[in-house]
2 protein chains.
Amino acid sequence: MGVGLQTEEITGRARVLDAAAELFVRQGYVGTTLRQIAAATGIKAGSIYHHFESKEALFVAVLNDGIVVMIDAFDEAQSSLAGTDDVAVHVREHVRSHLSAIFENGPYTTAHVTSFFSAPAEVRAAVVPKRDSYEQKWNQLFEVLFPAANTKELRLRRLILFGAMNATAEWFDPAGNLTVDQLATAISDQFLQGVTQYES
Amino acid sequence: MGVGLQTEEITGRARVLDAAAELFVRQGYVGTTLRQIAAATGIKAGSIYHHFESKEALFVAVLNDGIVVMIDAFDEAQSSLAGTDDVAVHVREHVRSHLSAIFENGPYTTAHVTSFFSAPAEVRAAVVPKRDSYEQKWNQLFEVLFPAANTKELRLRRLILFGAMNATAEWFDPAGNLTVDQLATAISDQFLQGVTQYES
DNA sequence: GAACCTACCTAACGCTTGTTAGGTTTGTCA
DNA sequence: TGACAAACCTAACAAGCGTTAGGTAGGTTC
């Protein structure tokens, strides 16, 4: 019927990838078995090898998709900010974009945040380049926003901010009282002005 | 020869615990095998069961020791601050104490920070009470230091700070250029005043 | 010196793991 | 109609897992 690849079908490969991402998030790399992934997809374990050459390759694919989502979100946020000079607006919008990628774009990004350091060394090595390029985008952003600070200082501030943002994957519930937008505002405010606003 | 338990011997049990903590940090709970722990201790896998009734119980023991270290460090910091009112000094000293526990008190605390969420549900449940009591200490501290803010707001600020502090376990190298003290100062400053000090 | 405990070892158990070889079904294309 | 490939299944493999039963060596206690 269809012309083929124009309207993208949910292929078997993509369904394996989806199931794998979700299980990797919940159970980590070693804690997730190919038989679990197969069962969640609706196929048998051996059939996974028709789409991926190994469990490691499957995990690399999940992690890479995760970073692609974040890089796209970053670029989109940057485009939407073309007309603004306000440092606070820039920071808040990029924090919101990072958190949205974690909480609203499926488990791919979350897998990256929670399971990266538990992965085998070869897996980490395969993902590091793309991961670095995302971090470089933030470094360059900070150098534009805070020209008075030196590079080392800004790298440290970025790592502190990343720690705060990525840790939210472990305690924040997007279905709870706080929305992702409010969380982004809180983290952004905290990052820019600190907590001394509350001193008596 | 000795009178027995007065000078604490490095018993077999403690050596198993040490090896286990280090391996859990590097490889996570599922990624670490009892045979690896046994080999690192210098005994055989089956012998571990003379000291611990299961792999889960061993992990619980490691995590519990980790929190005890942090609670002790917190109390010690609080005692040493008895004469001071300065909010910034209080924050910096407690941040330093938390980071010291991570980087200078062996792998027990680090295991807690990096491997807690990858543990089986039963393990987490067994450790949660002590973990909560540590977090409560911070909540109470914040309510004293920032009486103008409400409880919810302070909880959020604490979670942001915890995220930033605990994430350092994944990138900070205590043998590198920055000392733990300098890192503590940077995170404490960031927490209190934010980054706007660098605006042009 | 007999009884007993602690700290280990040996050797295996049942089970699960990632992976593979070979077969079957289904749909496309010439 | 026949060739072909994509997408799956079956059934097994070697290796490794947590765990256990039973044994041994050395020290302490009565």
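Just so we're on the same page: letters track the sequence lines, and every chain starts at 1.
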Can you measure from CG (B/Leu63) to CZ (B/Arg131) and round to the nearest 0.5 angstrom? 8.5 Å

Enumerate the side-chain hydrogen bond (donor to acceptor under 3.5 Å, both in side chains) contacts for residues 164-173 of chain A, please, sequence neighbours excluded, ordered by first and then second residue. A/His98-A/Asn166

List the atom of A/Ala119, the atom of A/Arg124, and the distance in Å for their closest heavy-atom pair. O-NH1, 2.8 Å

Rounded to whole Å, CD of A/Glu53 lies from P of C/dA21 at a distance of 14 Å

Give me the atom names and distance for the closest heavy-atom approach of A/Leu58 to A/Ile48. CD2-CG2, 4.4 Å

Any side-chain heavy-atom pair of A/Phe142 and A/Arg155 under 4.5 Å: no

For A/Tyr49 and D/dA12, give me the distance from atom OH to atom P, rounded to whole Å. 19 Å

Measure the CD-CD distance between B/Gln36 and B/Gln27 for me, rounded to the nearest 0.5 Å. 4.5 Å

What are the two closest non-hydrogen atoms of A/Ala101 and A/Val69, and how far apart are they? CB-CG1, 4.2 Å

Identify, between A/Ser54 and B/Gly42, the residue whose nearest nucleotide on DNA chain C lies closer to the 5' end. B/Gly42

Short N/O separations, protein against nucleotides 11-17 of chain C, under 3.5 angstrom:
none

Among C/dC8, C/dT19, D/dA7, the one nearest A/His50 by side-chain distance: D/dA7

With respect to the side chain of A/His51, which nucleotide from D/dA7, C/dC8, C/dT19 is positioned closest? D/dA7

Return yes if a side-chain donor-acceptor contact under 3.5 Å exists between A/Asp18 and A/Tyr108, otherwise no. yes

Rounded to whole angstroms, how far apart are CZ on B/Phe52 and P on C/dA7? 11 Å

Compute the ring centroids of A/Phe116 and A/Phe162, then answer whether they are less than 6.0 Å apart. no

Which nucleotide in the list D/dT19, C/dT10, C/dC8 gets nearest to the side chain of B/Ser47? C/dC8

Contact residues, residues 19-29 of chain A to DNA chain C [heavy atom, < 4.0 Å]: none

In whole angstrom, what separates B/Lys44's NZ from D/dA25's C1'? 15 Å

Length of the CD1-P vector between A/Ile37 and C/dT19, whole Å: 11 Å

